[in-house]
Amino acid sequence: MTQQAPVSSADLQQAIRNIPDFPKPGIQFKDITPVLSDARLFAASIDLLTEGFAPGSVDAIVGIDARGFIFAAAAALKLKAGFIPVRKKGKLPYSTYEQSYDLEYGTNTIAIHTDALKPTTRVLIIDDLLATGGTAQAAAQLVNKIGAKILQINLLIELSFLQGRAKLAGFPVRSLITF
């Protein structure tokens, strides 16, 4: 049996499909489903997103609605940490903290359960994509509102031309793939 070479970020980038004009004209959608459908690539993406963290070094993985859940839940299992969903407003059934953020046209609001984290909780935030940075910034603000410690914000993809990282100043941010 021959051993395959380890999967790199470049391998993941090559698998991501570009869909022009989706969901509207002018948008170049980054389709992650080819990564998810390939067990080797998906496992490698989780390994790379959790690189530098050992089981027990993180108490909770915060995943952002909705595609971020896929990566965050798998990372939580790998690091033996809890999984905490940050969802769109109105989707969580218990008492929540909410944080609004600006979109290109309008605003959106995300929420976290008020008892999801404790002030001593060591948190890794994971999402699939950093575009303008509003959603990740709002998620970080929610974690900060509770008083938990953000160890890092890890992203599969960063669209650097949109300069979303600027909204995350003060947080350690790591992206596996940059377009």
Side-chain angles (χ1 to χ4, degrees), residues 4-53 58 61-79 83-88 99-110 123-144 150-179:
Q4 291 182 323
V7 174
S8 68
S9 292
D11 295 323
L12 295 174
Q13 183 170 347
Q14 192 171 24
I16 292 169
R17 188 169 34 211
N18 193 61
I19 309 292
D21 299 322
F22 182 84
K24 63 183 186 179
I27 302 290
Q28 298 293 314
F29 185 82
K30 303 303 181 197
D31 181 9
I32 62 170
T33 58
V35 171
L36 299 176
S37 67
D38 183 311
R40 186 168 168 260
L41 293 178
F42 183 39
S45 72
I46 301 307
D47 290 345
L48 291 167
L49 284 166
T50 58
E51 191 173 69
F53 295 96
V58 176
I61 308 290
V62 169
I64 302 173
D65 201 341
R67 293 180 307 176
F69 291 171
I70 299 165
F71 298 97
L77 286 173
K78 179 178 170 77
L79 294 180
F83 168 69
I84 309 299
V86 167
R87 301 217 49 203
K88 293 177 178 82
Q99 184 66 48
S100 294
Y101 59 97
D102 292 328
L103 298 167
E104 188 176 355
Y105 301 102
T107 62
N108 204 355
T109 302
I110 56 174
V123 172
L124 179 59
I125 297 175
I126 293 182
D127 202 8
D128 69 314
L129 182 92
L130 177 66
T132 61
T135 310
Q137 179 187 41
Q141 289 170 331
L142 286 171
V143 171
N144 279 343
I150 297 172
L151 301 174
Q152 198 160 293
I153 300 172
N154 286 354
L155 308 138
L156 180 68
I157 301 167
E158 178 177 354
L159 303 178
S160 61
F161 60 92
L162 293 175
Q163 301 176 352
R165 188 179 282 254
K167 289 187 180 170
L168 302 176
F171 298 106
V173 177
R174 188 166 70 88
S175 302
L176 301 184
I177 301 161
T178 304
F179 288 102

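Only heavy atoms go into these numbers, but all of them, side chains included; no hydrogens, no water, no symmetry mates.
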**Leu130 versus Gly164, closest heavy-atom pair with distance** = CD2-C, 4.1 Å
**Message:** One pair to check against side chain to side chain contact (heavy atoms under 4.5 Å, CB included): Leu12 and Leu48. What are the steps and the verdict?
**Reply:** CA-CA 10 Å; Leu12 295 174; Leu48 291 167; 3.7 Å; yes
**Asked** Quick one: CG on Asp11 to OG on Ser45, what's the gap to the nearest 0.5 Å?
**Response** 12.0 Å
**Prompt:** Do Leu36 and Ile70 have side chains that get closer than 4.5 Å, going by heavy atoms?
**Reply:** yes
**Request:** Indicate, with yes or no, if the rings of Phe179 and Phe161 have centres closer together than 6.0 Å.
**Result:** no
**Pairwise distance CD1(Ile125) to CD(Gln152) - rounded to 0.5 angstrom** = 10.5 Å
**Request:** Evaluate the criterion side chain to side chain contact (heavy atoms under 4.5 Å, CB included) for residue pair Val58 and Val123; output intermediate values, then yes/no.
**Result:** CA-CA 6 Å; Val58 176; Val123 172; over 6 Å; no
**Asked** Does a donor on one side chain sit under 3.5 Å from an acceptor on the other, for Thr109 and Ser100?
**Response** yes
**Asked** Looking at Asp127 and Arg67, does any basic side-chain N land under 4.0 Å from a carboxylate oxygen?
**Response** no
**Message:** Please check this pair: side chain of Ser8 against backbone of Ala10, looking for a donor-acceptor N/O pair closer than 3.5 Å.
**Reply:** yes
**Asked** Would you say Ile61 and Ile84 make side-chain contact, with heavy atoms under 4.5 Å?
**Response** no
**Asked** Do Val62 and Phe83 touch side chain to side chain, with heavy atoms closer than 4.5 Å?
**Response** no
**Prompt:** Under 3.5 Å, is there a donor-acceptor pair linking the side chains of Thr135 and Tyr101?
**Reply:** yes
**Ile177 to Ser9 - nearest heavy-atom pair and separation** = CG1-O, 3.8 Å
**Request:** Check whether any side-chain heavy atom of Leu142 sits under 4.5 Å from a side-chain heavy atom of Val86, and report yes or no.
**Result:** yes
**Fill in**
Heavy-atom nearest pair, Pro34 first then Leu41, reads O-CD1, 4.3 Å
**Prompt:** For residues Arg165 and Ser160, is any side-chain donor paired with an opposing acceptor at under 3.5 Å?
**Reply:** no
**Request:** Write down the atom of Leu168, the atom of Ile153, and the distance for their closest heavy-atom approach.
**Result:** CD2-CD1, 4.1 Å
**Asked** Between Ile157 and Leu176, is any pair of side-chain heavy atoms under 4.5 Å apart?
**Response** no
**Message:** Ignoring hydrogens, what is the shortest heavy-atom contact between Leu156 and Asp128? Give both atom names and the distance.
**Reply:** CB-O, 3.3 Å
**Message:** Can you confirm whether the side chains of Lys88 and Asn108 place a donor and an acceptor under 3.5 Å from each other?
**Reply:** no
**Prompt:** If every non-hydrogen atom of Ala139 is compared with every non-hydrogen atom of Ile110, which pair is closest and at what distance?
**Reply:** N-CD1, 3.5 Å
**Prompt:** Between Leu155 and Val173, is any pair of side-chain heavy atoms under 4.5 Å apart?
**Reply:** yes
**Asked** Would the number of heavy atoms belonging to other residues, nucleotides or ligands and lying under 6.0 Å from CD of Gln141 be above 12?
**Response** yes
**Item:** Verdict with reasoning, Phe69 to Arg87, per side chain to side chain contact (heavy atoms under 4.5 Å, CB included)
**Value:** CA-CA 10 Å; Phe69 291 171; Arg87 301 217 49 203; 3.7 Å; yes
**Prompt:** So do the side chains of Glu51 and Arg174 get within less than 4.5 Å of each other, counting heavy atoms only?
**Reply:** yes
**Prompt:** Is there side-chain contact between Lys30 and Asn18, with at least one heavy-atom pair below 4.5 Å?
**Reply:** yes
**Asked** Step by step, would you call Asn144 with Phe171 a side chain to side chain contact (heavy atoms under 4.5 Å, CB included)?
**Response** CA-CA 11 Å; Asn144 279 343; Phe171 298 106; 3.4 Å; yes
**Message:** For Gln28, I'd like to know if atom CD has over 12 heavy atoms of other residues, nucleotides or ligands within 6.0 Å.
**Reply:** yes
